[in-house]
There are 2 protein chains.
Amino acid sequence: MPDQLGGSETVLTRRPHGQRPTIEDVARRSGVSRSTVSRVINGEPKVRAEVVEEVRRVIAELGYVPNQAARQLVTHRTGAVAVVADQPDGRLFLDPFFDCLLRGIRRELARHGAQAVLLFLDEPDDLARVADYLGGGHVDGAILFSLHPGGRLHGMTDRLDIPAVFGGRPLLHDGDTVRAHPYVDGDNRGGARQAVQHLVDRGRRRIATVTGPHDQEHSAAERLAGYRDVLPDAPPDLVERADYTRQGGARAMTALLDRRPDLDAVFAASDLMAAGALDVLREHGRRVPDDVAVVGFDDLTEIAESTDPPLTTVHQDVAEMGRQLARLLFDRAKEPTAVVVPTQLTVRASA
Amino acid sequence: MPDQLGGSETVLTRRPHGQRPTIEDVARRSGVSRSTVSRVINGEPKVRAEVVEEVRRVIAELGYVPNQAARQLVTHRTGAVAVVADQPDGRLFLDPFFDCLLRGIRRELARHGAQAVLLFLDEPDDLARVADYLGGGHVDGAILFSLHPGGRLHGMTDRLDIPAVFGGRPLLHDGDTVRAHPYVDGDNRGGARQAVQHLVDRGRRRIATVTGPHDQEHSAAERLAGYRDVLPDAPPDLVERADYTRQGGARAMTALLDRRPDLDAVFAASDLMAAGALDVLREHGRRVPDDVAVVGFDDLTEIAESTDPPLTTVHQDVAEMGRQLARLLFDRAKEPTAVVVPTQLTVRASA
DNA sequence: CTGAAAGCGCTAACAC
DNA sequence: GTGTTAGCGCTTTCAG
């Protein structure tokens, strides 16, 4: 694969060739061999204490830092793991969900002594560059998030032959590889069941649902399935599809109220949509939860706690999902390669 | 620097040693020397067209991907640039500002054929790991953002001896190195002047300001200075300090109204604070802009356009700042090493 | 235009 | 415990 420079010929090089001290310099200066220095660096036990001390001193004195490239070349390890986010529209950064997830990932990776490096897929040509980066051996593995179904990522890692795990169950498309991708996901269906059952338990009878894009996203389809598990006979006019956004939730709620002014509850498949629904209900003078009870999904505290009234919603342990992702990457050996993280209902005032 | 593994001994290795094809394999298979293959890979001109073709074919056939570690070892280049975000509290991901900035950075880096990799400083021990990562030669340079004054980043890069530029003017603290750090920043002072002048031009006389943490953040101090440039005689009770957040803005507005119920305008040093101020003004029954005009700073469209009324605010070309950061990294040779990106006022309904 | 040879800086057997 | 010796896979003079 050719990798010529882009628009500019400017190139960024570090210290002009050979200025940095090498392991050899450290060895000479401390009167030992390279191997011994290497052992000290890598914390191997069988080195005399005084020697260790002296070598450490020299290292500090010289400001020696091991050259990772040289090390990688022989160990085949980098100590870095890529987290790839496919987010052409920049939605991701607005998502506290991702923030939390990432923190979970970083924590777990840190336990393995690995550094998380985040890459973005934004413009079309980013894909090639990221593929080169991943395939080129800059990282030991990758954790991939594809916000889009049939995302560009799923096929890529197979070809690159790099350890990879997916956040959210990858939706396999027609022509896609059949190879199973290891993934971690929340219990979307179970969570939706909990939410809807809660509404039923509260005595609600005409329970509507605002769904995510269930024809495209696995999570959305599962959440709808959970709703149907509890309410197999729900009439179709109580179901309105939206897109996981606040505005979409508002639109859907408007449509539902229009169609079924008698509804007494709504399960929104995301907190953002639930917030949009609350906005509309308020505008229409419906009291929540007295007239209409509302349950969301995700438990994004920043949203769920600041709505009026605060939102009852399905809690996902997002940080735990992040941790599991990192763990799965290191445990690929053992099957099964899918982890479903349980959900639980956080009851606030809206239902 | 010793780098033993963390809690677990699990290690992530790529293909078991030597399974991937090397440049040697490609050379043999296409009946040329390693050098020629290398030339083809690097797009050097002086190779016979047929040879190029054949080598490319073999590369594809074998699924050969150059080993970056080996390449780095000799070229001293990685093709990657780190973007380091110091964000102990997770605020960053909620910040559309950063999203935009990052996009600008990525674009410009892409022009130079470089991949942006994002690193986070979250927990205390992240600092050491990130330092190792940067110093270890995984990247050719670093773009650093420190949300906190006297941040942990400023000293680090000097010691690491790696090309680095800062987003936002680094605030040098007492014991810190005196070495000037190249940086890119918006024209905070000029922008504030524009904002306040606009209020003056609109005939406002008692113009209050909600400032950022000006004892800690350079930008906040500059925005306050801009306010004072225009209103050197403003009484101190028209100035209220907050923390750049919406809640802080609301609190500050409450205090100001309490102290100076006669105020007829307010310049908030961030859109978030302006939004908070608008909330409070509405609660207090003040009409905006009729009774009180409000100007913000940042022009985060998601916020500025969705407030009621939409916010007049100082626009920063954030993507441009990102681009300049990347550019500065490649241009470090030429002084000066500070870039100030101009601002302009976006007039909406609030003032 | 192409090949041969010499490393880049490090780790990992294997001897001592 | 410590040193010696091979490479890891690539680029890059330097010849031809």
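Chain A is the first sequence line, chain B the second, and so forth, proteins listed ahead of strands; every chain is numbered from 1.
- Taking atom CD of Glu44(B) as the reference point, atom P of dG3(C) lies 14 Å away to the nearest angstrom.
- In terms of the side-chain contact (heavy atoms from CB on, under 4.5 Å) criterion, Glu53(B) has no residue partners (sequence neighbours excluded).
- Listed by chain and number, the residues in a side-chain contact (heavy atoms from CB on, under 4.5 Å) with Val51(A) are Val32(A), Thr36(A), Val47(A), Arg48(A), Val55(A) (sequence neighbours excluded).
- Summarising the geometry, the separation between CD1 on Ile23(B) and C1' on dT11(D) is reported as 8 Å, rounded to the nearest angstrom.
- In this view, Arg323(B) and Glu108(B), Ala319(B), Glu320(B), Arg327(B) satisfy the side-chain contact (heavy atoms from CB on, under 4.5 Å) rule, not counting sequence neighbours.
- Between Ser38(B) and dT11(D) there is a side-chain N or O to OP1 or OP2 distance below 4.0 Å.
- Residue Asp25(A) contributes atom CG, which lies 10 Å from atom C1' of dG9(C) at whole-angstrom precision.
- If one axis is set at each end of the helix from dC1(C)-dG16(D) to dC16(C)-dG1(D) from five pairs, those axes are 30° apart, to 10°.
- Note: Leu144(A) CG to Tyr183(A) OH = 15.5 Å, rounded to the nearest 0.5 Å.
- Summarising the geometry, the separation between NE2 on His138(B) and P on dG9(C) is reported as 16 Å, rounded to the nearest angstrom.
- Taking for each of Gly31(B) and Leu73(B) the nucleotide of DNA chain C with the nearest heavy atom, the 5'-most of the two is the partner of Gly31(B).
- The phosphate of dT11(D) has OP1 or OP2 within less than 4.0 Å of a side-chain N or O from Asn42(B).
- Look at NZ on Lys46(B): it is 14 Å from C1' on dT12(D), rounded to the nearest Å.
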Shorter than 3.5 Å, N or O on both sides, protein versus nucleotides 4-7 of chain D: list them out with atom names.
{"from": "dT4(D)", "atom 1": "O4", "to": "Ser35(A)", "atom 2": "OG", "distance (Å)": "2.5"}
{"from": "dA6(D)", "atom 1": "N6", "to": "Arg34(A)", "atom 2": "NH2", "distance (Å)": "3.0"}

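- For Asp25(B) (side chain) and Thr22(B) (main-chain N/O), a donor-acceptor pair under 3.5 Å exists by modelled atom type.
- Between Asp126(A) and Phe120(A) the shortest heavy-atom distance is OD2-O, 3.9 Å.
- Interatomic distance, CG of Asp185(A) versus CD of Gln324(A), reported as 12.0 Å (0.5 Å rounding).
- Rounded to whole angstrom, the span from the CD atom of Glu24(A) across to the P atom of dG7(C) amounts to 13 Å.
- The distance from atom CD1 of Ile41(B) to atom C1' of dT11(D) is 10 Å, rounded to the nearest whole Å.
- Among all heavy-atom pairs drawn from Ala326(B) and Leu109(B), the shortest one is CB-CD2, 3.9 Å.
- Between the CD1 atom of Ile59(B) and the P atom of dC10(D) there is a distance of 10 Å, given to the nearest Å.
- The one candidate from Glu61(A), Glu24(A), Glu54(A) that meets the salt bridge (Lys or Arg N to Asp or Glu O under 4.0 Å) condition with Arg29(A) is Glu61(A).
- Distances from the side chain of Thr75(B) to the nucleotides dT2(C), dT12(D), dG3(D) place dT12(D) closest.
- Looking at Arg107(A) and Glu123(B), a side-chain N of the basic residue comes within less than 4.0 Å of a carboxylate O on the acidic one, giving a salt bridge.
- Pairing each heavy atom of Pro66(B) with each of Ile41(B), the nearest pair is CG-CG2, 4.2 Å.
- The stretch residues 48-55 of chain B touches DNA chain C through Arg48(B), Val51(B), each having a heavy atom under 4.0 angstrom from the strand.
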